[in-house]
Amino acid sequence: MSEKDLRFNSLTIHGGQQHEEATGAVMPPIFQTSTYAQSHPGGHKGFEYSRTQNPTRMALENSIASIEGAGYGLAFGSGLAAIDAVIKMLEPGDEVISTNDLYGGTYRLFMQIFSKYGIKFHFTGMAESETVAALVNENTKLIWVETPTNPMMNIIDIEAMAKVAKDAGALLVVDNTFATPYLQRPIELGADIVMHSATKYLAGHSDVVLGLLAVKDKEVADRLYFIQNSSGAVCGPMDSFLTLRGIKTLHVRVQRHCENGKAIAEYLREHPQVESVYWPGFDSHPNHDIARRQMKDFGGMVSFRLKGDKLEDAVAVVSKLKVFTLAESLGGVESLAGHPASMTHASIPVEERLKTGVTDGLVRLSVGIEDVDDLIADLEQALS
Ligand code: P1T
């Protein structure tokens, strides 16, 4: 059976993988080597130096290409390193249109690093594609989408954005960290590049920091391979191995994250201390119909705002949680809680974050795969 006949749950395990030739090892060995012997200059077996290629990293790169339905995969030392490589394809004077609700570190990279080099960033809500189309000009080279967004769970129509990007002659990049390819496959919807903080659901166990790109076309992939090798922000073989191992259970984990996320969102919606809950599965969530169309389910990320919207109340709730850990990050098997305004989104200027709804009383939950009754009991005691 060829790989193209395999369904998603089989691709997470087998996609792009081969048993190791020398021993038949089912998992790729952790090739902990910086370099490779040559019989004469240029006489090598396809590997010269581990910044350029490493067999364990390559197994991971083949896996992400396979599960995203892309032609090519690239792995980096962090999600931000992957984003950094994408923006390095641009030149001074080029412009990017980005969602205004996005991970604070992405915003910081755009505004505090790349703005200095003459790249211009426009930030806008992307609920409607007309808003984005109105910002297009002859310098627009890239459209940056995160969906669902971090932390407001806004849903952006990937197909509609692909059309705007195509009309503009720009590339569409989708940060698929929150959804994962189990829930959403942006390349099939017209994206050129899919980006992941694999630190999150793909690796899935809060033990790795790593970034991935999945790329549709060879021409774009070659430009990115050149940057990956020239700038050198690659991940090591051990982290590549751990991420590859995580991906093999992605489908079962995310299925449970979704079930638990739904139960928690519904519990919070009924809670008297909670003002609003942001979870794309609610009929009332903005662009819920698009989420229903482009995602298989609604994920395990849930944000909520407390009544009164006070900093001290949000801090008290996240500090009282016991099964949920108060921590940055998301997407691991264990449940985490965060306070975006002071943690993950603190690098966004306050007036900007308030515009997107990241107020002081907002709490973000990464719902893990524990017994959901324990998670609800924990929230109950923290909110009481
Ligand atoms: O942390 P790193 O692997 O470099 O990935 C950055 C990143 C990119 N995109 C999204 C949507 C993200 O959520 C992140 C990292 N986010 C967190 C650490 C967080 O707690 O939101």
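Quick note: numbers below take in every heavy atom, side chains included, and nothing from hydrogens, waters or symmetry partners. Order of appearance sets the numbers: ligands from 1, and atoms from 1 within every ligand.
- Heavy-atom separations between R364 and ligand 1 include at least one value shorter than 4.0 Å.
- The side-chain tip of R253 does not point at the ring of Y201 from less than 6.0 angstrom away and within 45° of straight on.
- At least one heavy atom of S329 sits less than 4.0 Å from an atom of ligand 1.
- S197 OG, 3.0 Å is the protein heavy atom nearest to atom 5 (O) of ligand 1.
- More than 12 heavy-atom neighbours from other residues, nucleotides or ligands sit within 6.0 angstrom of NZ on K248.
- In this structure, F298 has its ring center closer than 6.0 angstrom to the ring center of H288.
- Shortest non-hydrogen contact noted between R364 and S303 is CG-OG, 3.5 Å.
- Considering only non-hydrogen protein atoms, atom 13 (O) of ligand 1 sits nearest to N150 ND2, 3.1 Å.
- Salt-bridge annotation for E219 and R223: present, with a side-chain N of the basic residue lying under 4.0 Å from a carboxylate O of the acidic one.
- A salt bridge is absent between D192 and K166: the closest approach of a Lys/Arg side-chain nitrogen to an acidic carboxylate oxygen does not fall below 4.0 angstrom.
- Polar contact check, L80 against ligand 1: a nitrogen or oxygen pair lies under 3.5 Å apart.
- Ligand 1 is approached by K200 to a heavy-atom distance shorter than 4.0 Å.
- Among the atoms of F178, none of the N or O lies under 3.5 angstrom from an N or O of ligand 1.
- Regarding atom 19 (C) of ligand 1, its nearest protein heavy-atom neighbour is T344 CG2, 3.3 Å.
- Looking only at protein heavy atoms, the nearest one to atom 3 (O) of ligand 1 is T199 OG1, 2.7 Å.
- A salt bridge between E351 and K355 is absent, with no side-chain N of the basic residue lying under 4.0 Å from a carboxylate O of the acidic one.
- Ring pair F123/Y107 is tilted by interplanar angle, where 30° to 60° counts as tilted.
- Residue, atom and distance of the protein heavy atom nearest to atom 6 (C) of ligand 1 are Y103 CE2, 3.5 Å.
- The aromatic rings of H345 and Y103 stand perpendicular to each other, their planes meeting at an angle above 60°, with 30° marking the opposite boundary.
- The single protein non-hydrogen atom nearest to atom 9 (N) of ligand 1 is D175 OD2, 2.7 Å, given as residue, atom name and distance.
- With a heavy-atom cut-off of 4.0 Å, L102 does not touch ligand 1 at all.
- The proximity of E146 to ligand 1, defined as any non-hydrogen pair under 4.0 Å, is limited to the side chain.
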